[in-house]
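Just the heavy atoms: all of them, side chains too, but no hydrogens, waters or symmetry mates, feed the values below. Here, residue 1 is the first one in the sequence, and each next residue gets the next number.
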Amino acid sequence: MSKTSKAIAIISGTLLLLIVLVIVVIATFDWNRLKPTINQKVSTELNRQFAIRGDLGVVWARPEGETGWRSWVPWPRIHAEDVLLGNPPGIDEITMVHLPRVEATIAPLSLLSKTVYLPWIKLVKPDARLIRRSEKLNNWTFSLAGEQGKTAETTPSAWSFRLDNILFDTGRITVDDRVTRAAVAIDVNPLGKPLPFSEVTGSGEKSAKVGDYVFGLSAKGRYNGQALTGTGKIGGMLALRSEGTPFPLQADFRSGNTRVALTGTLNDPLNMGGADLQLTFSGDSLGELYDLTGVLLPDTPPFKTDGRLVATFNEKQGSRFAYRNFNGRIGDSDIHGSLTYTTGKPRPKLEGDLESRQLRLADLGPLIGVDSGKDAEKTKQAEARKGEKTAQPADKVLPYDRFETDKWNVMDADVRFKGRHIEHGSTLPISDLSTHLTLKNGDLRLNPLKFGLAGGSISSTIHLEGDKKPMQGSADIQARRLKLKELMPNVELMQKTLGEMNGDARIRGTGNSVAALLGSGNGNLKLLMNDGLISRNLMEILGLNVGNYLVGELFGDDEVQVNCAAANLDIVNGVARPQIFAFDTENAVINVTGNASFASERLDLTIDPESKGIRIITLRSPLYVRGTFKNPDAGVKAGPLLARGAVAAALATLVTPAAALLALVSPSEGEANQCRTILSQMKR
């Protein structure tokens with residue numbers, strides 16, 4: 001053997017010996033000696049505690065799926081037990097993630113190309129705890145030491161990382177969020193085999209780019225102080241990192257009788273890219289959604305809506321949630337439209353357009369403090385559970401339910417609403433309701449609030465200053481060309497009339513209920529009716545016992561034509577006193593004086609009649625109406641009969657109030673409106 005051959009043999013033998021020695025050392029090395037170094041390095045990089053507290057080891061095995069000579073190169077399979085990842089500074093709890101055992105395999109040949117390639121990593125019963133203490137402090141945002149001090153000129157690392165699959169059998173995610181008052185435990189379990197997105201949603205070809213459902217969820221806890229339970233499905237863990245493949249999400253949560261169901265996708269979920277979901281809400285009252293969503297909505301009868309929610313996050317103006325083209329029901333009323341909710345400063349804002357094709361006015365009762373509509377009892381029970389229900393006094397008529405102004409400053413709103421066909425019982429003909437609602441820093445306006453009524457129209461402006469304590473409110477209302485026979489279509493007697501009613505009302509008050517606002521109100525009410533009809537039978541049909549008595553005393557049982565009825569009432573500190581409250585009929589002129597108190601809901605009225613002939617002697621006897629709004633009392637007033645001509649003389653002195661009422665006569669009516677002639681005579 002030559003010297004060269006001997007040298008080659010010695011070198012080859014030495015190298016082989018070294019390789020064998022390395023393999024033996026690696027195979028027999030106690031990897032636990034590296035734990036202190038690994039724990040310290042990872043903790044420093046993550047700026048939070050990291051520790052492998054159990055055994056750390058490596059087992060060499062031939063790889064699965066490799067062919068040829070590569071299949072003979074053993075791959076290291078690493079395992080670590082009792083792994084802990086801690087929380088950042090500011091969060092007292094020690095643990096964010098606890099892993100009883102972690103297993104992973106590394107492709108050694110990929111290291112030659114500067115790639116750390118893990119075909120799979122397996123987590124045994126992972127336990128993750130997501131904690132948020134404020135808008136700026138949470139434990140899922142990492143501040144890496146390696147990223148600090150980086151600039152645009154920093155040379156990127158030549159090394160890359162690849163992970164093909166994350167496996168685990170069961171896991172738990174605990175959410176502790178003080179911002180939303182959430183304390184929820186979510187158990188995660190593999191579905192057994194991937195479930196295609198289209199099988200859950202039925203969305204066909206559109207779902208081809210969406211990842212499969214891999215895990216099932218079950219949740220239990222509290223959210224915004226309310227008990228919460230739910231189930232759902234999500235995609236695989238690796239899909240969370242994919243910016244190009246939407247992450248599938250399906251969930252069905254319940255809190256009390258409120259249900260939220262959704263199916264759809266998240267875009268780039270780790271970076272909060274956005275969401276596209278089909279979303280269904282249902283429950284006893286829209287007001288109960290505030291605790292779940294943070295969106296302030298009024299108390300209503302039971303509801304259900306279904307629509308598409310498109311959300312974008314981390315915009316400069318705040319997160320944006322667009323609930324598009326939804327359809328639903330509130331009580332017996334349908335509801336359709338699109339709404340957009342934007343978070344931001346100084347307050348979130350709700351904007352959009354709503355429409356109802358068949359609206360029951362009773363379903364809007366809770367908006368003005370009236371318990372009405374389908375399943376009103378459920379609405380009252382829901383309010384009682386919140387401790388916000390104000391009992392209606394048994395002897396009162398005006399609504400005493402409080403406006404919840406304490407919540408009005410949590411959100412601004414700019415919403416337009418249209419109601420095509422309006423139902424109120426079976427008689428009141430209302431149509432084409434429209435309003436523009438604005439809410440800003442607790443100040444609520446309905447400007448305008450319009451609707452058609454009895455062939456005429458009602459136009460109003462409502463202003464409720466919820467930022468004042470107590471609330472201040474004002475209303476400006478105009479009623480025009482309301483046809484009497486259409487106001488009472490089921491009353492046969494009224495079908496003989498051709499008359500109309502016009503009116504103006506302005507009132508301002510203080511208080512947090514309709515009763516309080518009227519009880520402290522100041523303003524004026526004008527009302528004008530011409531060519532009407534009145535009879536005892538009509539009063540009986542309308543259920544007006546006092547009216548029945550008064551008409552009987554004044555006119556007997558005959559039908560009496562009303563040429564003109566005019567009222568001009570001043571309201572001062574909740575007490576209404578008429579400047580003019582008079583009826584001109586074919587038989588008599590009737591003047592009403594006295595007052596009506598909205599604060600105490602009591603009446604003290606005197607009716608002074610004067611006959612135009614001599615056949616009804618009782619018309620010269622004054623009558624009275626006293627008592628409460630709910631239980632009024634009427635009778636003949638004791639004392640001398642009226643002097644003939646006294647009523648007409650009294651009315652003739654009311655020049656200014658009469659002139660004010662002339663403005664309610666439409667110019668198009670001309671001389672056909674008998675009130676014009678009568679009021680003009682009074683003015684002269």
Check: Within a strict 4.5 Å, meaning less than it, do heavy atoms of the D531 and E500 side chains meet?
Finding: no
Check: Can L339 and L354 be said to form a side chain to side chain contact (heavy atoms under 4.5 Å, CB included), step by step?
Finding: CA-CA 8 Å; L339 294 171; L354 298 175; 4.0 Å; yes
Check: Closest heavy-atom contact between L191 and K233?
Finding: CD1-CD, 4.5 Å
Check: Do K630 and E601 touch side chain to side chain, with heavy atoms closer than 4.5 Å?
Finding: no
Margin query: The criterion is ring-ring contact (aromatic ring centres under 6.0 Å, His included); which residues satisfy it with Y323, sequence neighbours excluded?
Written below: F281, F326
Notebook entry, point to check: Listed by chain and number, what are the side-chain hydrogen bond (donor to acceptor under 3.5 Å, both in side chains) partners of S597, not counting sequence neighbours?
Noted result: S600
Checklist line | Crowding at NZ, K396 (>12 non-hydrogen neighbours, <6.0 Å) | finding: yes
Checklist line | N568 CG to D504 CG distance, which is reported to the nearest 0.5 Å | finding: 10.0 Å
Notebook entry, point to check: At their closest point, which heavy atom of A505 faces which heavy atom of L525, and how far apart are they?
Noted result: CB-CD1, 3.7 Å
Checklist line | Nearest-0.5 Å distance that lies between atom CG in L249 and atom CG in L266 | finding: 5.0 Å
Next item on the list: Output, in order, the C-alpha distance, side-chain angles, deciding distance and verdict of side chain to side chain contact (heavy atoms under 4.5 Å, CB included) for L286 and I330.
Entry: CA-CA 9 Å; L286 281 173; I330 299 176; 3.7 Å; yes
Check: Would you say S460's side chain and D476's backbone share a donor-acceptor pair under 3.5 angstrom?
Finding: no
Check: Do F321 and T343 have side-chain heavy atoms sitting under 4.5 Å apart?
Finding: yes
Note to self: Against I507, only a single residue in N524, N522, L518 fulfils side-chain contact (heavy atoms from CB on, under 4.5 Å); can you say which?
What the structure shows: L518
Next item on the list: Mark yes or no for whether N512, through its side chain, and M471, through its backbone, hold a donor-acceptor pair below 3.5 Å.
Entry: yes
Note to self: Looking at K469, I'd like to know if its NZ atom is crowded, meaning that more than 12 non-hydrogen atoms belonging to other residues, nucleotides or ligands lie closer than 6.0 Å.
What the structure shows: yes
Let me check something: any side-chain donor-acceptor pairs from residues 434-442 under 3.5 Å, sequence neighbours excluded? List them with distances.
{"unit_1": "T435", "atom_1": "OG1", "unit_2": "P448", "atom_2": "O", "d": "3.0"}
{"unit_1": "H436", "atom_1": "NE2", "unit_2": "D414", "atom_2": "OD1", "d": "2.6"}

Checklist line | Expected output: side-chain S513 to main-chain A516 donor-acceptor under 3.5 Å | finding: yes
Notebook entry, point to check: Taking atom CZ of F451 and atom OG of S431, what is their separation to the nearest 0.5 Å?
Noted result: 10.0 Å
Margin query: Do L453 and R480 have side chains that approach each other closer than 4.5 Å (heavy atoms only, starting at C-beta)?
Written below: no
Notebook entry, point to check: Below 4.5 Å, heavy atoms only, C-beta onward: do V184 and L228 meet side chain to side chain?
Noted result: yes
Next item on the list: May I ask you to test the I477-I458 pair for a side-chain heavy-atom distance under 4.5 Å?
Entry: yes
Notebook entry, point to check: Can I173 and L217 be said to form a side chain to side chain contact (heavy atoms under 4.5 Å, CB included), step by step?
Noted result: CA-CA 10 Å; I173 302 172; L217 308 175; 5.9 Å; no
Notebook entry, point to check: Please walk me through it: do D276 and R324 pass salt bridge (Lys or Arg N to Asp or Glu O under 4.0 Å)?
Noted result: CA-CA 11 Å; D276 190 343; R324 300 176 179 172; over 6 Å; no
Item checked: Residues which pass side-chain hydrogen bond (donor to acceptor under 3.5 Å, both in side chains) with R508, listed by chain and number, not counting sequence neighbours -> E465, Q472
Check: Do the side chain of Q278 and the main chain of G307 share a donor and acceptor less than 3.5 angstrom apart?
Finding: yes
Check: Do the charged groups of D306 and R329 touch, with an N to O distance under 4.0 Å?
Finding: no
Notebook entry, point to check: Which heavy atom of D412 sits nearest a heavy atom of R347, and at what distance?
Noted result: OD1-NE, 2.8 Å
Margin query: Can you tell me how far apart CG (L277) and CD (Q250) are? Round to the nearest 0.5 Å.
Written below: 11.0 Å
Margin query: Quick check against the 3.5 Å criterion: does S356 have a side-chain atom that pairs as donor or acceptor with the backbone of D334?
Written below: yes
Margin query: According to salt bridge (charged side-chain N to carboxylate O under 4.0 Å, His left out), does anything in residues 444-458 pair up with another residue at least two apart or in another chain? List the pairs.
Written below: D443-R445
Checklist line | Closest contact, heavy atoms only, N327 versus N325 | finding: ND2-O, 3.8 Å
Checklist line | Test log, rule side chain to side chain contact (heavy atoms under 4.5 Å, CB included), inputs F303 and I335 | finding: CA-CA 10 Å; F303 71 95; I335 189 76; over 6 Å; no
Next item on the list: Would you mind reporting whether T340 and R320 have side-chain heavy atoms less than 4.5 Å apart?
Entry: yes
Check: Do you know the tightest heavy-atom contact between T405 and G466?
Finding: CB-O, 3.8 Å
Note to self: Go through it in stages, so that I can follow the logic: the residues are K418 and E355, the test is salt bridge (Lys or Arg N to Asp or Glu O under 4.0 Å), and I'd like the CA-CA distance, side-chain angles, deciding distance and then a yes or no.
What the structure shows: CA-CA 5 Å; K418 291 182 179 180; E355 181 179 350; over 6 Å; no
Check: OG1 of T141 to NZ of K136: how many Å apart, nearest 0.5 Å?
Finding: 13.0 Å
Next item on the list: Compare every heavy atom of P248 with every heavy atom of F197, then report the nearest pair and how far apart it is.
Entry: CD1-CB, 3.7 Å
Margin query: Using a 3.5 Å distance criterion without hydrogens, assess whether the side chain of S134 forms a donor-acceptor pair with backbone atoms of L137.
Written below: yes
Check: Would you say the side chain of F417 lies within less than 4.5 Å of the side chain of L433, judging by non-hydrogen atoms?
Finding: yes
Notebook entry, point to check: Which value, rounded to the nearest 0.5 Å, describes the distance between W140 atom CH2 and L130 atom CG?
Noted result: 6.0 Å
Next item on the list: Could you pull out all residues at least two apart from F253 that satisfy ring-ring contact (aromatic ring centres under 6.0 Å, His included)?
Entry: none
